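Heads up: the structure comes next, in structure tokens.
This is a predicted model, so every value here is computed, not measured. This chain uses plain numbering: 1 for the first residue, then up along the sequence.
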Amino acid sequence: MNLITCTDTAFAYDGNLAVENLNFVVENGDYLCIVGENGAGKSTLIKGLLNLKKPTEGTVRTGDGLVPNEIGYLPQQTEVQKDFPASVYEVVLSGCLNSLGRKPFYTKKEQNRALQNMERLGIGALRNKCYRELSGGQQRRVLLARALCATKKLLLLDEPTAGLDPVATQELYGLIKSLNETTGITIIMVSHDIRAAITYAKHILHLHTTQVFFGTVEQYLHSSAGRRFLGGGPDV
């Protein structure tokens with residue numbers, strides 16, 4: 001079943017067309033990596049998928065009961081966020097906020113979900129640690145656990161490994177891949193790391209203010225867009 005379907009879709013940024021001619025689907029259990037150079041429209045598309053921007057053309061349809069506020073979102077981390085003065089548990093638990101509805105407090109259900117996701121990502125022992133005292137890799141695990149608390153269907157990750165050292169980067173990629181394979185949760189990840197994209201993803205969406213390519217990793221490797229972006233020269 002398709003979770004997201006974009007048909008002849010375009011989005012604007014600051015009144016100017018940012019990305020257009022989007023025609024792709026994201027299926028349940030998929031792992032889609034969105035690639036492209038700076039200014040290609042990746043961040044604008046992410047805002048559109050989160051319903052923070054409306055299409056200027058075409059449509060974005062969701063399926064399987066998915067609604068935008070039930071998407072687990074891990075944005076690019078700012079310097080201010082890195083210094084957030086809260087415990088790991090408090091940060092992760094805040095991912096359950098949208099599920100509270102009219103309830104004024106977190107229930108045992110939300111508390112257990114937070115604890116389970118912390119254990120799943122190997123940060124259970126850090127529960128009472130202050131978030132700003134953690135390493136970059138640990139902070140990113142905390143934010144991923146928080147995003148997991150917000151969803152059962154779709155994780156949207158915007159440059160999740162930016163600024164991490166090589167070891168922490170590979171560990172985080174491994175965790176994301178494991179979540180996709182063991183839980184069936186759908187992954188949409190924006191990345192400048194094209195080598196990681198073709199290693200871990202199932203489908204590639206390549207943007208350059210328009211849709212340059214959409215298809216499987218294998219198809220991408222044999223496409224002219226893929227060869228150019230991977231440094232293999234023009235199609236022959």
Pairing of R141 and E171 as salt bridge, 4.0 angstrom limit: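 Yes, R141 and E171 are salt-bridged.
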Side chain to side chain donor-acceptor pair (under 3.5 Å) between Y173 and D193, intermediate numbers included: CA-CA 11 Å; Y173 279 140; D193 188 346; 3.3 Å; yes
Does the plane of the ring in F213 sit parallel, tilted or perpendicular to the ring in Y220? Use 30° and 60° as the thresholds.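 If you compare the ring of F213 with that of Y220, the planes turn out tilted.
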If we ignore angles and hydrogens, is there a donor and acceptor under 3.5 Å between the side chains of R146 and S94?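 A donor-acceptor contact under 3.5 Å links the two side chains.
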Around atom CD of E37, are there more than 12 heavy atoms of other residues, nucleotides or ligands at under 6.0 Å?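 No, because the 6.0 Å sphere around CD of E37 holds 12 heavy atoms or fewer from other groups.
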Examine L144 and L115 and state if one hydrophobic cluster contains both, with Ile, Leu, Val, Met, Phe, Trp and Tyr joined whenever side-chain heavy atoms are less than 4.5 Å apart.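 Looking at the clustering, L115 is in the same group as L144.
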Do L172 and L157 share a hydrophobic cluster (ILVMFWY, side-chain heavy atoms under 4.5 Å, transitive)?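 Linked within one cluster.
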Counting only N and O atoms by type, is there a donor-acceptor contact under 3.5 Å from the side chain of T209 to the main-chain atoms of A40?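 Checking the backbone N and O of A40 against the side chain of T209, no donor-acceptor pair under 3.5 Å is found.
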Please answer whether the main-chain N or O of T7 pairs with a side-chain N or O of T9 as donor and acceptor at a distance below 3.5 Å.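 Judged by distance alone, yes, a pair lies under 3.5 Å.
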Show the nearest heavy-atom pair for residues [X] and [Y], with the distance to one decimal.
X: P160; Y: V190; result: CD-O, 3.8 Å
X: F11; Y: K53; result: CE2-O, 3.8 Å
X: K42; Y: H192; result: NZ-NE2, 3.8 Å

